[in-house]
Structure formats: structure tokens, C-alpha cells
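Every number for a ligand or one of its atoms is a count from 1 in the order of the listing. Worth saying up front: this structure is predicted, and the values here are computed from it rather than measured.
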Amino acid sequence: MFLAGCDGPQSALVTAGYGAERIAELFWWMLGGALIIWLLVVGTAVYAIRGHNHRFTSRHAYFLIVGGGAVFPTVVLGGLLIYALQLFAHLRDPADAGDFRVEVSGEQWWWRVRYVGPGGEKIELANEVRLPVNTVAELRLYSSDVIHSFWIPSLGGKMDMIPGRETRLLLQPTRTGTFRGVCAEYCGGSHALMAFPVVVMQPGEFAAWLQHQGTQAAQPEEEITRRGQHLFLANGCGSCHRIRGTAADGELGPDLTHVGSRLSLGADTLPNNVNAFARWIAHTEQVKPQVRMPSFGMLPQADVRAMALYLESLQ
Ligand code: CUA
């Protein structure tokens, strides 16, 4: 059961970033040290139980109690402390501003993500973080409601997101791939449904992706997606969601300009396909308990489907 934590896209032991490599290194040293100490303690206990006490003098006892009880733990813990402190000094060097900046805000229960585009303009998206490989990304973390914690185990350590404050985290991915980030601080009913995919890409691919995210939404081309867009606006979805290039300019919920291009829906709760969009629109509160968005299950099924097709077309 415990071995299940050793693999997968959300394991701190399958490292893909500088910070995570240091943390895994520390973990293995501590595990090794703990194993040796455990063997020593169990060995001593077995020795005592088997009762070779006739050769045991008070000098031996003194040596064991002072040596094993005071000197040994002080030396081992002191050594580990020095090792860990010098290791973690590398993780948050205030002099290192990073090669580029990403702003992430924790919201109940999703992630607002903002990049700075080539011309200095802010590009907002949600529930997905993409980073170029071998580049230092400076993450500026915020919260709009309660304390959340931003954690991508494969890339680095976790950092709290505190209302009214800005925290920083430097991440340096060392290989490409798709990983998973989570909220690591209990933040209310759907805390467990607050995750996001993380994609580490080649710098060229990343630049193309970011450039595309900065463009306006695709205009619907088919009859059904046009109807979906009309229904989206007519049902008031645009008062909470923004779709750049349309009348929808709400800021309360996730930006949906390129929602069809994301790897998942609802902060990594559902896969990204038409059926999942329809399920999310009609059964929002069942999929994500206590979510702020109301379910639109009262709409005719055909309308929900048209809206789902429209959203899926926003590549
Ligand atoms: Cu956000 Cu837990």
C-alpha cells in the first residue's frame, strides 16, 4: 500500500525539478539513517532480552546510556540538520528572480493562473500550469479567500497561499512531461477536488502555447456551436466567466477563452470532453460539492449539449 506513493504523476520521489530532487535526496538520506538506527535499537533490544548480562559491567551500561542515549542522537540529528539547512538554502535564494513570472491565485476550489505575455500584457487562464524545461519560473502566489497551499510534488516543495499576502516559489523543471499539482492545505468542502495538470514543455513549444493562450477565443463556425454561444450569454454565464472576444467578461470564475484546449475540467476533476462539459453544466454541485457555480440542470438537455459543444470548440 505504501509503495503506491513511489510512482505516478504526483509522487515526490519521481522527480522532474531541481527542488524536488533536493527534497528526494534528503528523504533517502533520512530513510537510510532511520533504517540503520532502527536496526541498532532492535539489535540492542534483542541482545538485552537474550540475557548475556553476566559479562555486562556498569561501565558498559554507562557507555550505552550516555553514548546511545545522548551523544549518538545529538551527533546524528545535528548532522542531518546541517545537511538539510545547506540543502534548502539553495531552494529560495532571494537573489534569484527567475527567468519569467507566473501568478497563481488559489480560489475555492480552483486556480487562477496569469502569465505575462511577450508585450507585457497579462494572459489569464485557469486550472493548468505550463512551464518550459530547464528554466527558472518564479511563481507569485496569492489567495482570494482562505489559506490554500500550492504543491507540485514532482517539481518542488509546497508553498502556502495566504489571503492579503504574496508568497514566492521558484521552480526549475529538469525534464519534460505531464505532472499533477494539488492544494495541500484543507480549504473547505471541495479541497480534495482542487488540483491541476502541470505540463513541462520544450521552450519553443511553450512559447507557441503561450502565444496562443493570449489570442482571442475562436468564433463558433457551426450552427450548433453558435447556438451554444448564444445560450452561454443568454443564461448569464458571462457575468462570472470571461471569454475574450465575446461579451462574456466576468471575473469571478475561471477564464474560459481557451477552455477546450486544457487537459481537464473543474480543476482536474473531470476529463476534457463534450460529455464532461455537459455533466459539469447540469450537475455542478454533484461533481464539486459546495462549489459557487449553480447547477444548470433545469435547462433542456439539448441546450446543455449545445453549450458543451461550444465550450469544447474553444481550443
Ligand atoms: Cu485549496 Cu485546499
Q. Sequence neighbours excluded, which residues qualify as ring pair (Phe, Tyr, Trp, His ring centres under 6.0 Å) partners of Trp111?
A. Phe150, Phe196
Q) What do you reckon, is CZ of Arg279 surrounded by more than 12 foreign heavy atoms closer than 6.0 Å? A) no
Q. Protein N, O or S atoms less than 2.8 Å from atom 2 (Cu) of ligand 1, ignoring waters?
A. Cys183 SG, Glu185 O, Cys187 SG, His191 ND1
(Q) Considering only residues two or more places apart or on different chains, which pairs with a residue in residues 256-306 satisfy ring-ring contact (aromatic ring centres under 6.0 Å, His included)? (A) His212-His258
Q) Does Thr178 reach the side chain of Pro9, with side-chain heavy atoms less than 4.5 Å apart? A) no
**Q.** Cationic tip of Arg22 above Tyr18 ring, under 6.0 Å, 45° of axis
**A.** yes
What pairs of donor and acceptor atoms, side-chain ones from residues 229-242 against any protein atom, are under 3.5 angstrom apart with sequence neighbours left out?
{"unit_1": "Gln229", "atom_1": "NE2", "unit_2": "Tyr310", "atom_2": "OH", "d": "3.2"}
{"unit_1": "Asn235", "atom_1": "ND2", "unit_2": "Leu231", "atom_2": "O", "d": "2.9"}
{"unit_1": "Ser239", "atom_1": "OG", "unit_2": "Gly236", "atom_2": "O", "d": "2.7"}
{"unit_1": "His241", "atom_1": "ND1", "unit_2": "Pro254", "atom_2": "O", "d": "2.8"}
{"unit_1": "Arg242", "atom_1": "NH2", "unit_2": "Glu251", "atom_2": "OE2", "d": "3.3"}

